[in-house]
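Data block below; observations after.
Only a predicted model underlies this, so the values are computations on that prediction, with no experimental measurement involved. Every chain is numbered from 1, with letters handed out A, B, ... down the list of sequences.
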Amino acid sequence: MADITTNDPNAPADKPSNFINEIIEEDLRTNKYEGRVNTRFPPEPNGYLHIGHAKSICLNFGLAEKYNGMCNLRFDDTNPTKEEVEYVDSIMEDVKWLGFDWQDRLYYASDYFDQLYAWAEKLIMQGDAYVDDLTGDEIRQHRGTFSEPGKESPYRNRTVDENIDLFRRMKAGEFPDGSKTLRAKIDMASPNLNMRDPVMYRILHAEHHRTGDKWCIYPMYDWAHGQSDSMEKVTHSICTLEFENHRPLYDWFVEKLGIYHPQQIEFARLNLTYTMMSKRKLLQLVEEKYVESWDDPRMPTISGLRRRGYTPASIRAFADRIGMAKRDNMIDVAQLENCIREDLNKTAPRMMAVIKPLKVVIENWPADSVEALEAINNPEDASMGTRKLHFTKELFIERDDFMEDPPKQFHRLAPGKEVRLRYAYIIKCESVLKDPASGEVTELRCTFDPETRSGTGTSTKKVKGTIHWVSAKFGKTAEVRLYDRLFSVEDPGSVKEGDWHDTINANSLEILSNAKIEPALSESKPGDKMQFERLGYFCVDKNATADNLIFNRTVSLRDSWAKIKKGL
RNA sequence: UGCCGAGUCGUCUAACGGUAGGACAGCGGCCUUUGGAGCCGUAUGCGGAGGUUCGAAUCCUCCCUCGGCAGCCA
């Protein structure tokens with residue numbers, strides 16, 4: 001889709017229009033921001049970015065690209081108790097990896113602490129903010145409820161002088177945590193609870209990852225965000241739906257300050273089936289060792305997807321495809337899987353690997369004979385060339401490709417049945433060897449038909465099945481990791497707080513340590529991506545070494561046999 | 001319960017008063033030395049009731065349903 005050209009650069013075929021495009025195009029028409037588009041991606045560095053953030057990143061940076069504007073990266077680091085540099089670093093890495101560039105516009109809300117403080121004094125001077133001595137509990141009690149107005153704090157009508165004095169002493173560290181707050185003086189009876197004198201500053205004697213111990217008062221999100229946008233001359237401040245009720249407050253602050261006024265726009269956050277999107281719970285999965293790390297290939301984090309074998313292009317394609325709207329959504333994870341299959345189908349070289357090996361001996365093949373066969377690296381892309389495969393007397397095939405007593409629809413190997421070995425010969429299963437104790441099939445004795453070599457056309461024999469194989473003599477051993485969804489329910493996010501651990505899929509990881517890979521694969525490097533024919537797309541794990549190769553399955557191939565089997 | 005917001009195929013998403021279209025999932029078929037890929041076909045949808053209009057998913061009214069908000073989190 002990406003290479004389709006259109007006459008209208010504002011409406012590429014692969015990016016359907018949405019309500020945000022319409023707002024921006026209208027603003028451009030009316031010259032609302034002097035024709036500028038400046039968005040921003042404002043993560044809090046309190047965790048790793050996930051696929052939901054990718055939607056926002058693609059939106060914000062994508063808009064900047066589309067309208068020839070700019071997108072800033074800004075860390076919303078106003079709560080030192082939750083934030084760490086480890087997260088800052090990972091976030092920058094992930095945004096870059098997705099293919100976006102904030103150029104010289106890397107900002108931190110903490111860079112604005114001085115300005116924010118000065119503006120807070122301005123609001124105090126204007127009589128629009130006051131120092132409150134109420135405790136957290138008391139503030140909550142005074143706030144009222146959905147149906148009842150709140151009550152004004154007894155400290156609400158302190159004089160400007162008293163407020164300034166107290167606020168300066170708050171900053172100077174004279175008061176303990178929680179003992180005082182600075183509040184905006186708005187309306188304790190507002191139907192919008194965010195307008196009932198919201199807290200602007202709280203006292204926190206905590207070390208900040210960038211400002212150290214310079215501050216012991218920290219701005220709240222609402223007080224920091226709009227003003228940060230304003231300072232950066234952001235035009236369109238795009239956030240998720242839960243901030244809709246904050247917009248009146250966002251507007252109130254910039255208007256009271258009389259500063260440049262960006263426009264907040266809200267969109268629906270991404271929900272994916274069988275996927276946990278809560279940062280807090282993803283942290284728990286890591287801390288409680290349900291997964292190895294933030295970049296465990298089962299995690300919906302950007303780094304997890306990267307390690308799993310997802311490409312930046314596939315994630316961007318996904319973001320484009322799911323669209324942008326204000327209604328709540330639950331995207332089928334199959335949609336994501338489709339995006340990576342589509343990408344890798346075009347780009348990943350085909351290789352042969354047997355992940356659950358079953359030994360096959362070709363009885364009528366001379367013991368030491370080796371025959372070179374030509375294999376195509378990618379049927380979708382002839383420029384990827386061919387490679388040689390070596391056929392030998394002893395081979396491995398996939399255990400799942402043999403059944404002793406198969407149903408009619410099974411087009412693979414069975415006693416007395418024939419099947420083609422990919423790029424090689426048609427073989428016939430003559431006998432089955434078993435372990436006498438367990439009854440397990442240990443080896444197949446087969447014969448090959450010399451007239452049926454691939455590509456020769458010397459035989460008209462047809463078989464329904466073609467299976468992959470690896471030479472026992474030349475193949476190498478490697479570890480393969482297969483992944484399943486981390487949660488067993490469609491919407492783990494909606495599970496009751498106490499029960500969500502029960503919805504974790506205990507079998508989300510299967511390790512196969514005796515996989516047989518074709519020789520070409522033994523030179524793979526971490527990050528390499530390939531298709532194992534008939535099994536799926538795989539990616540070499542970041543911890544793999546030449547002596548200890550590890551392949552992560554990114555996604556299986558579409559499997560119509562699995563569907564047939566299910567119906568049997 | 002107050003305020004804000006949202007309801008279009010199974011799931012997402014278009015439509016801007018003029019033929020409800022696309023993607024994914026599903027189903028059927030073709031093709032195939034990957035049960036892959038590709039190709040073709042197919043079913044299913046405007047939350048409800050009124051109204052305005054020659055004509056309504058779109059405008060108006062009422063209703064219903066769902067989501068968000070009562071952190072010194074973001």
- Message: In terms of relative ring orientation, are A:F113 and A:H208 parallel, tilted or perpendicular, with 30° and 60° separating the classes?
- Response: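 Ring orientation of A:F113 relative to A:H208: perpendicular.
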
Protein-nucleotide distance ([X], atom [atom1]; [N], atom [atom2]), rounded to Å:
{"X": "A:R321", "N": "B:A23", "atom1": "CZ", "atom2": "C1'", "answer": "7 Å"}
{"X": "A:E380", "N": "B:G36", "atom1": "CD", "atom2": "P", "answer": "13 Å"}
{"X": "A:Q141", "N": "B:C72", "atom1": "CD", "atom2": "P", "answer": "12 Å"}
{"X": "A:N245", "N": "B:G5", "atom1": "CG", "atom2": "C1'", "answer": "8 Å"}
{"X": "A:L421", "N": "B:U34", "atom1": "CG", "atom2": "P", "answer": "13 Å"}

- Query: Is there a side-chain polar atom (N or O) of A:R247 under 4.0 Å from OP1 or OP2 of B:C4?
  - Reply: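 So the side-chain polar atoms of A:R247 never come under 4.0 Å of the phosphate oxygens OP1 or OP2 of B:C4.
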
- Is there a side-chain polar atom (N or O) of A:S17 under 4.0 Å from OP1 or OP2 of B:A14?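 No, no such contact exists.
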
- Task: With RNA chain B as reference, determine whether A:T181 or A:R453 sits nearer its 5' end, using the nearest nucleotide of each.
- Result: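 The residue closer to the strand's 5' end, by nearest nucleotide, is A:R453.
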
- Message: Here's a test of your reading of the structure: between A:G455 and A:M330, which maps to the more 5' nucleotide of RNA chain B?
- Response: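 So the residue in question is A:M330.
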
Between [N] and [M], how far apart are the two [atom1] atoms, rounded to whole Å?
{"N": "B:C27", "M": "B:C4", "atom1": "C1'", "answer": "42 Å"}
{"N": "B:G45", "M": "B:A57", "atom1": "C1'", "answer": "11 Å"}
{"N": "B:U44", "M": "B:U52", "atom1": "P", "answer": "31 Å"}
{"N": "B:C64", "M": "B:G26", "atom1": "P", "answer": "38 Å"}
{"N": "B:A74", "M": "B:A37", "atom1": "C1'", "answer": "45 Å"}
{"N": "B:U8", "M": "B:G21", "atom1": "C1'", "answer": "11 Å"}
{"N": "B:U19", "M": "B:U61", "atom1": "C1'", "answer": "29 Å"}
{"N": "B:U13", "M": "B:A6", "atom1": "C1'", "answer": "15 Å"}

Identify whether any heavy atom of [X] sits under 4.0 Å from a base atom; if not, whether one sits that close to sugar-phosphate; answer base, sugar-phosphate or nothing.
{"X": "A:Y537", "result": "nothing"}
{"X": "A:L241", "result": "nothing"}
{"X": "A:N192", "result": "nothing"}

Tell me if the aromatic rings of [X] and [Y] count as close, with their centers under 6.0 Å from one another.
{"X": "A:F538", "Y": "A:F551", "answer": "no"}
{"X": "A:Y87", "Y": "A:Y48", "answer": "yes"}
{"X": "A:H225", "Y": "A:Y221", "answer": "yes"}
{"X": "A:W223", "Y": "A:F253", "answer": "yes"}

- Could you give me the stems involving RNA chain B, meaning stretches of three or more consecutive Watson-Crick or G-U wobble pairs whose two defining distances are both below 3.5 Å?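 In RNA chain B, stems of three or more pairs: B:2-7 with B:64-69, B:10-13 with B:21-24, B:26-30 with B:38-42, B:47-51 with B:59-63.
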
Lys NZ or Arg CZ of [X] over [Y] ring: under 6.0 Å, within 45°:
{"X": "A:R183", "Y": "A:Y130", "value": "no"}
{"X": "A:R74", "Y": "A:F41", "value": "no"}
{"X": "A:K171", "Y": "A:Y117", "value": "yes"}

- Nucleotide nearest A:F146 when distance is taken to its side chain, options B:C69, B:G35, B:U34: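 It is B:C69.
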
- Query: Where the side chain of A:L193 is concerned, which of B:G2, B:U13, B:G68 is the nearest nucleotide?
  - Reply: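 The listed nucleotide nearest to A:L193's side chain is B:G2.
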
- Item | Any N/O donor-acceptor pair, A:R327 side-chain to B:U8 base, under 3.5 Å |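 Donor-acceptor pair under 3.5 Å: yes.
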
- Query: Any donor-acceptor pair under 3.5 Å between the side chain of A:Q531 and the base of B:U34?
  - Reply: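 Flag set: donor-acceptor pair detected.
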
